[in-house]
Structures are given as C-alpha cells and as structure tokens.
2 protein chains.
Amino acid sequence: MEKRATIKDVAEAAGVGVATVSRVLSGGSASPQTRERVLAVAAQLDYRPSALGRNLRQRRTGGMGLLVPDLTDTFHAQLAEGVLACARSAGEPVVLGSTAGDPEQESELIGMLLEQSVDRLIAVPSGDEESWAPALRAGMTVVFADRLPAVPSADDDDPAVRAVNDLMLLDGAAPAPARPRSLDVPSVTADDRSGIRTAVRYLRGLGHRRIAFIGGPGHDRRAAAFREAVGEPVDEELIVFGTGSRDSAYAAASGLFQSRPDLSAVVAGGNVLGEAAVLAARELDLRVPRDVSLIMYDDVPWAELCSPPLTVVAQPGRDMGYRAAELVLRSGGRRPRSVVLPTQLIVRGSCGPRH
Amino acid sequence: MEKRATIKDVAEAAGVGVATVSRVLSGGSASPQTRERVLAVAAQLDYRPSALGRNLRQRRTGGMGLLVPDLTDTFHAQLAEGVLACARSAGEPVVLGSTAGDPEQESELIGMLLEQSVDRLIAVPSGDEESWAPALRAGMTVVFADRLPAVPSADDDDPAVRAVNDLMLLDGAAPAPARPRSLDVPSVTADDRSGIRTAVRYLRGLGHRRIAFIGGPGHDRRAAAFREAVGEPVDEELIVFGTGSRDSAYAAASGLFQSRPDLSAVVAGGNVLGEAAVLAARELDLRVPRDVSLIMYDDVPWAELCSPPLTVVAQPGRDMGYRAAELVLRSGGRRPRSVVLPTQLIVRGSCGPRH
DNA sequence: TTGAAAGCGCTAACAA
DNA sequence: TTGTTAGCGCTTTCAA
C-alpha cells in the first residue's frame, strides 16, 4: 500500500504552487502550458484529489444521505436504485441508512449524517414534522420521497387541521398538490390521490361496493384518498393499518378478512401489504379474484408471478429516486419545486366482478 | 442554521485545552473534575465532534463502503439490511453503490470510495480477481459477500487451474472451504455446495433424472456444485446462464424449457432466476410441479405467494451482511477468517414426483 | 497568471 | 494530568 500522491507532490513535480494545481484541477484559469504540465504530472503520479482535505476546507461532505424504512420493501429498493443512478452519474457518494420505520432510529441516523457533515438528504420519512425540524434547523437540504412526514399528533387531533387537509383532498381534479405543510421541504411523490381513485373506480366498475383499504406507516395520504374515492358514508372498519413489519401487515389483513367477510375487494397501500393480503386470503381459503378482488399499490416483479397475477397501481419508484436526487443536488440557490409523478393502473388478473 | 460548536469553543468555555477535550471525548485519561466539566460544557453547547476534522487528521474516513449488483434483487437487499444493522449499532456510516453487475461501474465506484478515503469495503463482486487488485493494492480492507470474484478468464482456460478447482469441489463432505484464491481476502458466503447438493438430492429422491440449472453472474460456484451433485456424465446443455438482467434471465429460462422439453426439474441459482423460471414456465404452459419441479436459491417473501409456493434453498442474507460488516470492522490487526454459513432447504410446493 | 499563506476541526506527539 | 503545537490535504483569499 504505497502512499497516495498529494497536491503538494504534484505541485513540486510540476514546479508550480499548490494553488495552481488546485485551480487547474477544478477548471480555474491557468496558462495553457501550465495547465498541460500540471495535468501531465498529475496523470503520471496517478494523483486523485482527496475528498478529505476538500471536505474539511469547505466544511461539508459532498454527496447525499438516503434514509429509507426498509430495503427489502422492493419499492424502496427501486427508489434507492434511482438515487444511486443519479448520484453515480454525478460522481457523488451516497450514505445509506435504513430506519425500520422508527422515528428514533431515523433521528439517530440524521445525527450521524450531521456528524459527517452530509448536508443533503433524501428521505422516505418515518418521523413526523416535529422530528424533522432539527435536521432542517441544522441547515440540511432535505427532499422527501414517496411520502411526507405526518403532522404531529397534537395537530392531527385538531379538528381544524383535519378539516383543512380533507378540504385539500376534496377540491379540484388536477394532480394533487402536496398538502399544505408547515415544513417547507420539496418532495417527490406519486399522485396517490389519482392512483387510488382510479383503483377504486375500477373496482366500482366491477360491481364492488364493500371495498377495504389496508395501509402501512406513511400511507395516510393514500387512506385519505381512499376515503374520498369511496365517498360518504365511509365505513371506517374497512380501513385498517399495519405497523410496517410483515407480521403486522399479515395480522391486519387477516383480521380484516375475518371481521368483515362481507367485503368483496381490497386495495393494499403498498407491496408489503399486498403480500400480506395474498397470504391472508389464501390462509382463509378466499380465492382471488373469485371471493375477493385485490389491487396492490406498487408494481414489483413478483406481482406477475402470483396466481392470478396481481393488478397493481404502479408508481415509478426508480424515477422518483432519480428525480429526488436531482432535486437535492441541483438545489443551488432557489428552492426547487416539488414534483408529483403519475401512477398507472396495470390490470392483470386479481380483480373480477363481484359475485 | 447556526454554526456548530467546535472543539475550540468547548475548550474555551470549559477553560481547558483542546487536547483535553479531545481526550475526554474519546475516553482518554483526565481527572474526574475536568472530565465532568468538559462533558457538561459539551452537552450544554450541543457539541458534536466533526467527522471532517477527525477524518482528515487520521487520513481515513470511518465507516465502510458497500457494493452490490442490484438492490431490487431481494437477496442483495437483505444483505444490505444486515450490513446497515451492524453499521448502525457501531454508529458508522455506510456508503452504498450499485454496480449493475458491471465490472467497469464497480471499478469506478471503488475509485470514488478511494477518493473519499473509505478504506473498508464489503462487496458482492462483479469484476474478476484482476479487477480487484487495485483496490487491494490501495490498502483497502475488503470482505467479499455472497460470492468471490471470478478467476480471470486467462487462468480460467488453463486446464491445470480448472483441475484444481474441480478437485476442491469433489473432495470431502465438510462445509466447502472457500476455493483457493490468489486474492487473500476474507469472505462471507453461504455453503453453496451443500445447499445445491441437498436440492439435487431432494429432486433425485422424487425421481427426477434430467435436472437443469439456471444461473446468473457470480453463480459459477453453484454451477460447479451442481455439476458435482448430478455427477458424471454432466449434460452441459442443461446448465444455462443469464447475464444478470431480468430479461436475460427470462430468455435463458425460456430457451432452456424450449430446447430441452425432456427436463423434469430445474434449480434456479438465485431469486431473479427463479422468478424468470416461473414466468417462462407459465408462458409455455408448463405446470409446476406437475410438468416441471422447481427449486430456487434464496428465500424471499414472495416465494410463499407463488402458486404453488416455491421450495427454496434459503441462505441467511441478513446474517451474511451482518457478519461481513463485523469482519470488516473488527479487522484490527490479524486478518479475519472467512465464514461460511449454512443453507437450508425449505420444502414448499413447487416440487413433485416425476411423471 | 501565479504563489504564499492562512486556515477548516481534529488528534497525537511532546513538554510541562 | 494537562496544554501547546504541528500538521492531515485541500481551497481560497491576497499580493505580486
């Protein structure tokens, strides 16, 4: 392991000052001859500028952090691949953390990133707005992906706030703008409202009236869209949530099927929940789509493997990651606008007419 | 965004020298009173040591790099989760890169890590031994996970080398030691030999004689184990490879089924290949397990969702990642030994007697 | 266009 | 036990 050449080595070998080397290598002004000589020497010495020195000098680490709840959720893996693709093309490192959907772990990871002076972050958030305040106050450039932090429960119980949110979800037909946020953070999300609405309408068209929704952490916007799509009166018993683990998703699905045998269709808010729904249905001898129709949010490779293949609402996970990375990188100066990407209903075989 | 306190601020506020602060915070010796005072001031100032300064000083970035071919391959995601879990408990950052199975991208990412002075790396390698030499020469502590770099093709064609490798695979019944390597790098792998052997024996027991193997990049040890398990004469036409993409895996599977309608069982070398096999079988109207029995390497959540649920050779992806991270972190001084973890045949419903 | 020099925040060698 | 000091490799004024 020979020692790597430093800028000083290059400067000496080229007979110039270190400042000149630095300039040449970062595209500053220099006479053609000097530039050439420096470049030649640098190449000859196999010089690679150390990010360490640069980082300390600029008091910031390049690249970006990426926080997701769980990589074995294929949607998050797709998202991560998108982020990585963008980062790679920019030559920037990505520091990854998995939060398990736990706000506390999320906070710890943010602390770690702060310690590393990573000041750009893409996150599929688990904590609420309150828990994100510190990161923002510390000056991080944050972009949320896939979902937004929940409004703290104190406000959540506030009827006025709920009313505002509901209102936002009711008006207009244009792609839903991100709901009003106290946090001024750009985000990249799918158009959940339209995705859910399309799914519900499709099921309606097949004759389904008792449609259930199984959600996980962070699926509250989808749940709200579901409430809106089914319209009043909303049967709240048909809306259930898991806590994020596969076990709890299964429990939620299984409990739902057992307590409400009258339901004829289910919308799963994410692929882990769809998985759970398929499993629970089979365990209870419910045939898909004969006994129950199923639409899953997220298109994942295995959706096609199921028998029957699953009808899904596809969201462009990879694109979302890529766009988020672009946002967080090109955040020079003016605040980037949030982006909402379209979803697509892919009809396969898991939905049928109501019997 | 207020400026963060530095060690100097703490030193001044506590009325001590910066060295003392550094010592106290890294567990060095100090008088109880001094320690207490420093700690108090640090807490009061919300001081967090900057990794930037420390890194530059020690000429190395903490944490570790992690290179995988593709996160949407659920096995890699599991592995990554294991690495992240270990890193988190150690408070260390993980810099992630996805190589798409391309040695060139892999090399570029290694270059990026070198630039960041990340000198510990866990990799599911894509390049061959030759392409890994630079990283090692640069002084990186590397641990390979899941598989080892291929022997460069020049040597691969060398009959002597092949003979040695074959020999290694033939003798003994103990968990296969990692094959002899020119690269002296520890690794964490599953006991592929025993896993494949168990799968093949199981199929044999069901009466299958024409058993095929579908592999992907990095599955050559599994293929070799397969050859060993089926024994002479090996029908090489029954051993096919994809290049890593889902499309090519599908093409390989589909081609195999069409060119050899006489086969009655298939072992897929990884979950992406298993996916492809299920898809191709269905497309060709082959019923599983009636027309063809299927065993897939990797246990992934969706294996249970298939109809019938897939019989798999499970390897402990998460554990493998965790162990790899331990190895690369505790690589203080003496070289850590490689570890081989056991696999487990999980019988579900995708295998049946030969008809 | 160029070079000298001043740090960025930290640790470790050395002195006291 | 403590403080002083010399850098780690780089960028960026500031002069020349």
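So that the names make sense, note that chain A is the first sequence line, chain B the second, and so on, each numbered from 1.
- Atom CG in A:L56 sits roughly 14 Å away from atom P in C:dG7 (whole-Å rounding).
- Applying the 4.0 Å criterion to OP1 and OP2 of D:dT12, one finds that A:Q58 has a side-chain N or O inside that range.
- Using a 4.5 Å heavy-atom cutoff, the side chains of B:S338 and B:T189 are not in contact.
- Among the heavy atoms of the strands, none lies under 4.0 Å from B:L52.
- Residue B:N55 contributes atom CG, which lies 16 Å from atom C1' of D:dG7 at whole-angstrom precision.
- The side chain of B:T6 lies closest to C:dG9, out of D:dT11, C:dG9, C:dG3.
- Using a 4.0 Å cut-off, no side-chain N or O of B:T20 falls inside it from OP1 or OP2 of D:dT2.
- Using a 4.0 Å heavy-atom distance criterion, A:G28 is classed as making no nucleic acid contact.
- Base contact: A:I7 has a heavy atom under 4.0 Å from a base atom.
- Using a 4.0 Å heavy-atom cutoff across all strands shown, B:S31 reaches sugar-phosphate atoms only and no base atom.
- A heavy-atom distance below 4.5 Å is not found between the side chains of B:P316 and B:Y322.
- OP1 or OP2 of C:dT11 lies within a sub-4.0 Å distance of a side-chain N or O belonging to B:R54.
- Between B:Y47 and B:T6, the shortest heavy-atom distance links the atoms CE1-C, 3.5 Å.
- Contact between the side-chain N/O atoms of B:S50 and the OP1/OP2 oxygens of C:dC10 is not found at any separation under 4.0 Å.
- Between A:T34 and C:dT2 there is a side-chain N or O to OP1 or OP2 distance below 4.0 Å.
- Between B:K8 atom NZ and D:dG3 atom P there is a gap of 15 Å when expressed in whole angstrom units.
- In this entry the distance linking CZ of B:R4 with P of C:dC8 reads 15 Å, nearest Å.
- Looking at heavy atoms from C-beta onward, A:L25 lies out of side-chain contact with A:I7 at the 4.5 angstrom threshold.
- For the pair B:V95/B:Q116, no side-chain contact is recorded, criterion being any heavy-atom separation below 4.5 Å from C-beta on.
- Between the C1' atom of D:dC10 and the CG atom of A:D9 lies a distance of 13 Å, rounded to the nearest Å.
- The base of D:dG3 lies close enough to the side chain of B:R23 for a donor and an acceptor atom to sit less than 3.5 Å apart.
- For the OP1/OP2 pair of D:dT1 and a distance below 4.0 Å, the side-chain nitrogens and oxygens of B:S29 include at least one atom meeting the criterion.
- Heavy atoms of B:G53 sit under 4.0 angstrom from at least one base atom.
- Atom CD of A:E36 and atom P of C:dT1 are 16 Å apart (whole Å).
- Listed nucleotides: D:dG3, C:dT11, D:dG9. Nearest to the side chain of A:R57: D:dG9.
- Regarding B:R60, its CZ atom lies at a distance of 22 Å from the P atom of C:dG9, rounded to whole Å.
- To the nearest angstrom, P of C:dA12 lies 13 Å from CG of B:L25.
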* When you look at A:L121 and A:V118, which way does the side chain to side chain contact (heavy atoms under 4.5 Å, CB included) test go after all the steps? -> CA-CA 8 Å; A:L121 176 57; A:V118 172; 6.0 Å; no

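- Counting non-hydrogen atoms under 4.0 angstrom, B:A30 reaches the backbone sugars and phosphates but no base.
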